[in-house]
Amino acid sequence: MSILINKNTRLVVQGITGNEGLFHTRQMVAYGTNVVAGMTPGKGGEWVDEKIPVFDSVKLAVEATGANCSVIFVPARFAPDSIFEAADAGIPLIICITEGIAVQDMMRVRNYIDQKKVRLVGPNCPGLLTPGESKVGIIPGDIAIPGNMGVVSRSGTLTYEVLYALKLVGLGASTCVGIGGDPINGTNFIDVLEMFEHDPQTEKVVMIGEIGGTDEDKAAEYIASKMTKPVVSFIAGQTAPPGKRMGHAGAIIEGGAGSAADKVKALEAAGVKVAKHPEEIPSLLK
Amino acid sequence: MSILINKNTRLVVQGITGNEGLFHTRQMVAYGTNVVAGMTPGKGGEWVDEKIPVFDSVKLAVEATGANCSVIFVPARFAPDSIFEAADAGIPLIICITEGIAVQDMMRVRNYIDQKKVRLVGPNCPGLLTPGESKVGIIPGDIAIPGNMGVVSRSGTLTYEVLYALKLVGLGASTCVGIGGDPINGTNFIDVLEMFEHDPQTEKVVMIGEIGGTDEDKAAEYIASKMTKPVVSFIAGQTAPPGKRMGHAGAIIEGGAGSAADKVKALEAAGVKVAKHPEEIPSLLK
Amino acid sequence: MKLHEYQSKQIFARYGIPIPKGRVAAAASEAKAIAEELGGRVVIKSQVLVGGRGKAGGVKLAKNPDEAEVLAAQILAMEIKGLPVRKVLVDEAAAIESEIYFSITNDRAARKPVMIASAAGGMEIEEVAAKTPEKIIKVHIDPLLGLRDYQARDIAASIDLPREYWKDFSKIATGLWQVYSQNDATLAEINPLVITKDKRLVALDGKMMIDDNAMFRHADLAEMRDVDEEAPAETEARKYGLSYIKLDGSIGCMVNGAGLAMTSMDIVKLFGGEPANFLDIGGGAGSDKVAAAMKIILSDLNVKAVLFNIFGGITRCDEVARGILVAMDEVKPKVPMVVRLVGTNAEEGRKLLADAKMITAETLADAARKSVAAAKGKK
Amino acid sequence: MKLHEYQSKQIFARYGIPIPKGRVAAAASEAKAIAEELGGRVVIKSQVLVGGRGKAGGVKLAKNPDEAEVLAAQILAMEIKGLPVRKVLVDEAAAIESEIYFSITNDRAARKPVMIASAAGGMEIEEVAAKTPEKIIKVHIDPLLGLRDYQARDIAASIDLPREYWKDFSKIATGLWQVYSQNDATLAEINPLVITKDKRLVALDGKMMIDDNAMFRHADLAEMRDVDEEAPAETEARKYGLSYIKLDGSIGCMVNGAGLAMTSMDIVKLFGGEPANFLDIGGGAGSDKVAAAMKIILSDLNVKAVLFNIFGGITRCDEVARGILVAMDEVKPKVPMVVRLVGTNAEEGRKLLADAKMITAETLADAARKSVAAAKGKK
């Protein structure tokens with residue numbers, strides 16, 4: 001077992017003919033992901049590498065190929081519409097890799113998809129990897145091996161560090177979920193922790209957080225009250241200068257929370273072992 | 001038992017200081033409805049008849065009085081906002097009496113409240129009456145007596161005819177629900193039929209429909225497949241000239257459906273006795 | 001409220017939808033002048049608020065200004081489905097490659113606006129819908145989110161529009177959505193949207209219907225109402241917020257509530273009469289509204305008896321009674337009147353009417369029976 | 001991107017929010033002229049993009065034009081929190097009855113915009129929030145529906161605003177919502193919104209922050225950016241889409257991904273070093289971006305060693321290597337460089353860098369340790 005993606009995942013790539021879309025489609029195909037369709041407006045009828053049909057819209061792609069998962073490689077100004085489009089086409093799992101989407105756009109997106117039975121992962125995330133089965137997004141496939149560790153992270157490349165560190169000591173992952181670092185995203189820590197808690201393959205969980213927001217604090221509450229599986233964590237940004245992001249009003253809303261020290265404290269109080277640096281994580285999982 | 005409203009209903013009247021709002025508030029109070037608050041922007045702090053406090057917003061009214069039901073007597077151009085306001089204030093049951101709300105406004109309203117756990121009855125409806133317990137809206141209280149007939153109707157005054165006809169032969173109502181005649185409304189026949197099916201007090205159901213739309217047809221399907229209690233019906237508009245409402249596109253959407261004859265046919269096929277005129281209904285309930 | 005073709009197309013143009021060059025004319029000489037201005041062949045189109053103008057001969061092609069004048073004169077002399085033609089639209093003629101049907105309207109079952117398109121444009125779209133429903137593409141629009149670009153693209157692909165027209169089609173779709181949403185239209189229709197021989201998309205014909213309940217925010221549209229196209233009684237009724245439709249029978253009906261009004265008509269018919277009208281005075285009508293309603297009913301000379309059926313709720317029976325008295329005083333009606341008052345303040349209402357010579361009834365069936373008898377001259 | 005007070009207030013005025021009469025000046029003589037124009041007392045306000053201007057003496061009241069000139073000259077000679085004052089706003093002075101705090105910002109936890117108000121305006125709002133949170137009113141706005149009138153009314157009632165001001169307050173709330181939503185603001189703040197002695201509501205001070213990710217639809221706002229207020233390196237970084245923040249340490253860091261960049265800084269510190277900067281080259285950076293990043297890092301003369309930590313994903317290690325080579329060729333750096341490449345195309349990247357004299361590392365800890373050692377002159 002695994003969570004979210006596996007061998008039955010039928011993927012449509014939104015923005016498949018773009019530079020990044022094409023590169024990572026090939027990487028995904030090479031990894032063994034079942035990429036059934038691509039989508040680029042105006043290029044319907046073309047083929048990618050002579051085996052992936054391209055459609056003019058997600059709806060047409062779904063009708064023709066039964067795609068059940070979408071990954072978005074589309075410039076930030078068009079990505080919100082790509083998410084709406086995938087949601088409207090009935091795709092139940094949408095992974096948005098795109099970075100730099102405007103916050104107000106994401107508020108509209110999130111409030112819209114919350115009305116539908118749709119899970120969005122990201123944006124500004126590296127995607128998903130179920131080692132040995134399927135990879136959706138940009139996580140390099142060769143840095144992780146199959147195993148029993150569930151990995152969830154707000155960061156992109158930092159996630160790779162952790163997967164790689166696990167691999168170096170022979171530890172593998174059930175699924176790795178990059179939820180993305182944007183202030184407004186589709187899936188948060190608690191959503192993924194819950195899935196790992198119910199996934200028989202997952203034995204322990206690694207959670208990679210960072211400064212800002214209160215998601216890690218909520219996760220700590222959830223871990224303390226609902227989780228039976230051990231969780232190991234790392235929080236990035238211990239040395240980050242404070243107040244570089246938002247002014248007055250933001251500080252009011254977040255009630256002064258969001259520092260790395262506070263998050264570490266909350267997690268440790270919930271029984272989570274917190275690593276000093278990512279390469280320390282494997283030893284804490286032993 | 002009854003449905004939707006009873007002795008525990010704590011009502012706030014939106015637009016209480018207007019002509020209609022005030023008149024019907026007094027009627028409701030006289031009937032025994034527990035009117036706990038009124039709401040008119042700019043008149044907070046005043047009192048109606050020295051016993052009902054007026055607030056500047058529904059939120060303030062709810063906080064101060066624990067109102068759990070709202071009735072709206074507000075001009076059509078302001079009524080959509082009144083519904084949003086009641087929904088945002090956490091009122092679980094909103095009855096909108098106002099007639100003449102623009103269709104596009106109602107589409108926005110309905111799509112918004114569908115996201116919340118809120119039931120809207122109406123607009124353009126006479127409201128609810130649980131005889132002997134509570135009346136919310138404008139149904140004259142003295143035309144109905146307590147009993148075991150559930151009454152649901154798209155029409156306003158036609159509903160009164162039916163209640164009155166029932167009363168004249170000694171039949172009473174568990175609850176009467178006027179769902180309103182507008183093309184887009186909050187509660188439809190099926191919603192109410194389901195509540196009556198599960199209400200122990202209700203023995204039989206009277207459903208008053210009219211031409212236009214497909215709600216009666218859907219109700220017929222529901223009755224055939226899900227209902228155990230007998231249903232008697234009347235459909236208004238047998239002599240109405242066709243095509244006075246919408247042109248081409250509307251006809252396409254409704255697929256030519258919506259005539260009184262079609263509705264009668266669908267209901268009779270579902271085992272419903274359909275009356276030739278409203279005063280015939282009591283005899284069909286025997 | 002229906003808008004004329006020329007009005008609808010003027011609105012379309014404001015939102016960037018391409019329309020043919022052209023102008024409206026009320027006289028043949030004017031039509032000639034416009035044809036001269038436009039040069040080339042023109043189409044003369046009668047502007048009446050009914051369908052089937054083409055079949056009735058109300059749309060003609062003119063090769064030159066002189067022919068335009070002759071044809072305009074012919075069309076301006078016509079009546080179409082009982083409506084005299086008062087204006088013609090003179091449009092430059094288009095060389096048509098193919099025709100598309102394209103509209104937005106309300107889908108009450110889905111509670112959302114729906115965009116409808118078909119490659120079978122120009123034809124009677126109801127016929128297409130009935131015979132080949134698969135040729136009709138429907139896409140629902142979220143009323144809070146509005147039309148998205150990919151929806152227009154989906155439609156373009158589904159009706160097999162050649163890819164070179166997609167960008168323009170997308171702009172037209174966006175324009176049509178704005179036409180619909182910013183004007184509270186219940187229908188915004190382009191039929192046909194044509195591809196011309198010189199590869200342009202043009203809205204050749206247009207139709208709009210506006211939600212009467214939303215007129216308060218569209219003063220500009222209210223001015224476009226063509227009262228010439230309405231029966232005077234209907235114009236009068238609208239002025240007082242009454243819902244009135246003239247029919248061919250002899251029993252005038254004044255009722256509160258659309259459902260009860262229809263039921264009253266149904267039951268009049270059930271007892272052997274024919275209703276002269278549908279008239280709903282609405283909820284909470286005051287005496288002035290009631291008086292206006294009564295005058296409207298009595299302005300129909302076919303009316304041989306009047307049935308008042310008022311079941312008070314938000315409407316108060318005493319107010320209705322007062323209105324009846326005012327109107328009787330002014331109009332001095334000569335036909336018999338049957339009155340039934342039940343519900344809110346019915347007692348007060350009955351007292352007010354006690355001195356007026358009116359036939360009273362208790363039940364609806366009783367009222368209908370008495371009206372039918374009265375219309376036939378029986379008591 | 002932060003806007004100046006005077007820019008924010010100009011935008012406010014466009015949406016119907018009343019602001020004091022006034023104009024911005026870059027010289028004392030100009031300030032005098034404005035004060036003469038306005039007549040009466042004026043306030044001279046330094047325009048710098050930091051808070052606490054008042055406490056720093058950057059806001060002064062002038063009784064007449066001559067005093068305005070003197071005070072403007074004083075303020076224009078100041079530095080506030082290290083930033084030289086280049087402009088002053090000269091506003092007519094208001095006679096203040098009371099002060100309100102009023103803003104809209106993003107609530108990330110609720111995923112909605114939130115309108116915030118407090119009767120304790122003018123004060124440090126964080127202090128109010130910390131000490132008396134019940135004095136802060138928050139109302140969430142549905143991003144698809146927008147601000148509704150009743151929400152403004154709720155706020156007015158909750159902050160005990162006298163009823164006579166509700167209508168004007170409602171208009172200001174609507175204006176502020178438009179300011180926020182039509183300009184992709186992450187913050188639109190009026191502090192204080194004052195009630196004047198002559199019974200008007202006026203936005204005495206204003207602050208706006210714009211979402212950098214939304215600048216593509218706000219060419220007008222992009223022009224308002226005051227590059228004088230930024231470190232030149234930050235301006236340069238933004239030009240290339242790099243996220244750069246200068247710090248005080250000696251180890252320059254170039255990393256892909258904000259999380260990994262912060263982690264690299266953390267681990268440098270853990271091993272006894274001090275990071276010279278935060279620098280995220282973002283996802284999918286090409287060689288030109290990498291070269292620009294390297295030049296920016298090396299423009300900081302405190303930098304004694306550079307740590308490149310690239311874990312390829314959407315970013316390809318070979319592209320990064322190419323960028324490093326380009327930059328090295330141009331800049332000829334004299335400080336030691338520690339490079340760690342892992343992930344997508346890491347092998348190709350390493351090959352490209354094989355001939356350059358760089359210290360390589362396998363693990364992150366190893367890279368950090370080597371950087372710290374290199375900065376201290378050890379190998």
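Please read all numbers here as calculations on a predicted model, not as lab measurements. Every chain is numbered from 1 and lettered A, B, ... according to where its sequence line falls, protein lines coming before strand lines.
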Q: Shorter than 4.5 Å, heavy atoms on both sides: which option in P143(C), A214(C), G257(C) has the most such pairs with chain B?
A: P143(C)
Q: Please check this pair: side chain of S8(C) against backbone of M208(C), looking for a donor-acceptor N/O pair closer than 3.5 Å.
A: yes
Q: Give, as side chain, backbone, both or neither, the part of D248(C) having an atom under 4.5 angstrom from any heavy atom of chain B.
A: neither
Q: Let me see the working for N191(C) and K207(C) under side chain to side chain donor-acceptor pair (under 3.5 Å), right down to the final yes or no.
A: CA-CA 8 Å; N191(C) 188 21; K207(C) 184 190 278 186; over 6 Å; no
Q: Side chain, backbone, both or neither: which part of N188(B) has a heavy atom under 4.5 Å from chain C?
A: side chain
Q: Does atom NZ (K135(C)) have a neighbourhood of more than 12 heavy atoms from anything else shown, all under 6.0 Å?
A: no
Q: Output yes when E274(C) and K269(C) qualify as a salt bridge under the 4.0 Å nitrogen-oxygen rule, no when they do not.
A: yes
Q: Is it the backbone or the side chain of I139(B) that comes under 4.5 Å from a heavy atom of chain C, or both, or neither?
A: neither
Q: When only pairs under 4.5 Å are counted, which of T157(B), I138(B), N19(B) shares the most heavy-atom pairs with chain C?
A: T157(B)
Q: What part of E99(B) lies closer than 4.5 angstrom to a heavy atom of chain C: side chain, backbone, both or neither?
A: side chain
Q: Has the side chain of N185(B) got a donor or acceptor atom that lies under 3.5 Å from a matching backbone atom of V121(B)?
A: no
Q: Measuring heavy-atom distances to chain C, does I208(B) have an atom under 4.5 Å in its side chain, in its backbone, in both, or in neither?
A: neither
Q: Heavy-atom distances under 4.5 Å only: say whether R77(B) touches chain C with side chain, backbone, both or neither.
A: both
Q: Are R217(C) and D184(C) ion-paired here, with the side-chain N under 4.0 Å from a carboxylate O?
A: yes
Q: Check this for me, if you would: do D262(B) and K265(B) make a salt bridge, where the nitrogen-to-carboxylate-oxygen distance has to be below 4.0 angstrom?
A: no
Q: Which of parallel (below 30°), tilted (30 to 60°) and perpendicular (above 60°) describes Y112(B) and F84(B)?
A: perpendicular
Q: Tell me, side chain or backbone of P133(C) under 4.5 Å from chain B's heavy atoms, or both, or neither?
A: neither
Q: With a 4.5 angstrom heavy-atom cut-off, is it the side chain or the backbone of L364(C) that approaches chain B, or both, or neither?
A: both
Q: As an exercise: rank V342(C), V255(C), N213(C) by heavy-atom pairs under 4.5 Å with chain B and give me the winner.
A: N213(C)
Q: Between R316(C) and E348(C), is there a side-chain N and carboxylate O pair less than 4.0 Å apart?
A: no
Q: Of all residues at least two apart in sequence or in a different chain, which pass the ring pair (Phe, Tyr, Trp, His ring centres under 6.0 Å) check with F234(B)?
A: none
Q: Can you tell me which portion of E161(B) sits under 4.5 Å from chain C's heavy atoms? Options are side chain, backbone, both or neither.
A: both
Q: Which bit of K276(B) comes within less than 4.5 Å of chain C, counting heavy atoms only: side chain, backbone, both or neither?
A: both
Q: Please classify the contact between D211(C) and chain B as side chain, backbone, both or neither, with a heavy-atom cut-off of under 4.5 Å.
A: side chain
Q: Is the shortest distance from a Lys or Arg side-chain nitrogen in K218(B) or E221(B) to a carboxylate oxygen in the other one below 4.0 Å?
A: no
Q: Quick one about Y222(B) and D191(B) (side-chain donor to acceptor, distance below 3.5 Å, no hydrogens or angles considered), yes or no?
A: no
Q: Of the listed residues (S155(B), A76(B), A165(B), A102(B)), which shares the most heavy-atom pairs with chain C below a 4.5 Å separation?
A: A102(B)
Q: Considering only heavy atoms, which portion of T315(C) lies under 4.5 Å from any heavy atom of chain B: side chain, backbone, both, or neither?
A: neither
Q: Between N256(C), T344(C), D142(C), which shows the greatest number of heavy-atom pairs under 4.5 Å with chain B?
A: N256(C)
Q: Under a 4.5 Å cutoff for heavy-atom pairs, which residue among Q27(B), M106(B), Q238(B), E280(B) has the most contacts with chain C?
A: Q238(B)
Q: Select one option (side chain, backbone, both, neither) describing which atoms of D212(C) are under 4.5 Å from chain B's heavy atoms.
A: neither
